[in-house]
Amino acid sequence: DLGLDDEVAGITKFCVHPQKWFNTKTRIGGTKNLNIEKIRSLSPDLIIANKEENVKEQIEALENIAPVWISDVNDFDDALQMIESIGAITNKTTAAQNITAQIKNKFAQLKTQGQPQRACYLIWKDPYMTVGGDTFIHSMMQQCGLQNVFEKQTRYPEIQLKQLAALDCKLILLSSEPFPFGQKHISEMQEQIPDAKIVLVNGEMFSWYGSRMFAAADYFRQLIKRINSNG
């Protein structure tokens with residue numbers, strides 16, 4: 001989206017958008033298991049990493065190959081700053097500012113009503129794991145007018161389903177990633193938590209900071225309608 005089609009030499013196996021890049025760009029491993037020698041063979045001028053996703057020891061090894069810029073995104077504003085920072089260091093400042101302006105405009109149009117609904121966002125099963133108040137996903141929940149019942153916890157705590165009833169959780173969001181929750185999980189959980197509304201959600205929209213946020217605003221608008229419906 002910054003117009004760096006020719007400049008980008010390598011991507012991870014999780015960089016599935018755009019499809020053309022996924023089919024043609026060199027894949028340099030996963031975020032936790034980078035192929036250092038393959039990255040070296042690409043002779044990069046810049047390596048973009050992330051504090052949460054990448055392993056410190058591998059980042060230190062990459063610093064011997066090229067300058068490494070590390071993002072650390074924990075909320076909505078951090079994400080916008082990250083976009084503009086990458087725009088600046090790749091000489092795409094105007095394009096980056098256009099992207100952040102469009103994202104701000106889209107999210108400003110989101111309409112939420114009444115008191116925030118108490119909600120839990122699950123990212124994993126066996127054990128069940130949720131998101132704390134210092135995560136980007138928590139920030140996206142706020143944009144949807146939701147109150148994270150685990151907002152006082154940090155990062156990605158393990159929980160028990162029985163805690164949700166005790167916390168007066170009215171809504172449970174089951175993410176499509178990293179654990180692929182499906183309809184069968186709704187049925188299983190509904191038996192244990194009959195009073196809560198359980199909804200499957202697109203994990204990309206809640207956890208992929210960057211220009212994916214432009215699509216996220218439209219997705220959230222439809223999700224808010226689903227949550228507020230009786231279906």
Heavy-atom closest pair (V149 atom, C120 atom, distance to 0.1 Å) is CG2-CB, 4.0 Å

Check whether any side-chain N or O of T12 sits under 3.5 Å from a backbone N or O of T31 as a donor-acceptor pair, and report yes or no.
-> no

Would you confirm whether N105, through its side chain, and A101, through its main-chain N or O, come within 3.5 Å as a donor-acceptor pair?
-> no

Test item: side-chain donor near acceptor, Y128 and Q163, under 3.5 Å = no

Is a side-chain N or O of Q190 found less than 3.5 angstrom from the main chain of I193, in a donor-acceptor match?
-> yes

Determine yes or no for a side-chain-to-main-chain donor-acceptor pair under 3.5 angstrom, with K25 supplying the side chain and D5 the backbone.
-> yes

Do the two ring centres, one from F206 and one from F220, sit under 6.0 Å apart?
-> yes

At what distance, to the nearest 0.5 angstrom, does CD1 of I172 lie from CG of L164?
-> 5.0 Å

Can you name the residues that form a ring-ring contact (aromatic ring centres under 6.0 Å, His included) with F150, not counting sequence neighbours?
-> none

For I65, the other hydrophobic cluster members (4.5 Å side-chain criterion, sorted by chain and number) are I28, L34, I36, I39, L42, I47, I59, L62, V68, I70

Identify the two heavy atoms, one from L200 and one from Y219, that lie closest to each other, and give their separation to 0.1 Å.
-> O-OH, 4.3 Å

F14 ring centre to R27 NZ or CZ under 6.0 Å, with the angle to the axis within 45°?
-> no

List in chain and number order the residues that pass side-chain hydrogen bond (donor to acceptor under 3.5 Å, both in side chains) with T94, two or more places apart in sequence or in another chain; answer none if no residue qualifies.
-> none

same_hphob_cluster(L80, I89) at 4.5 Å side-chain heavy-atom cutoff | yes

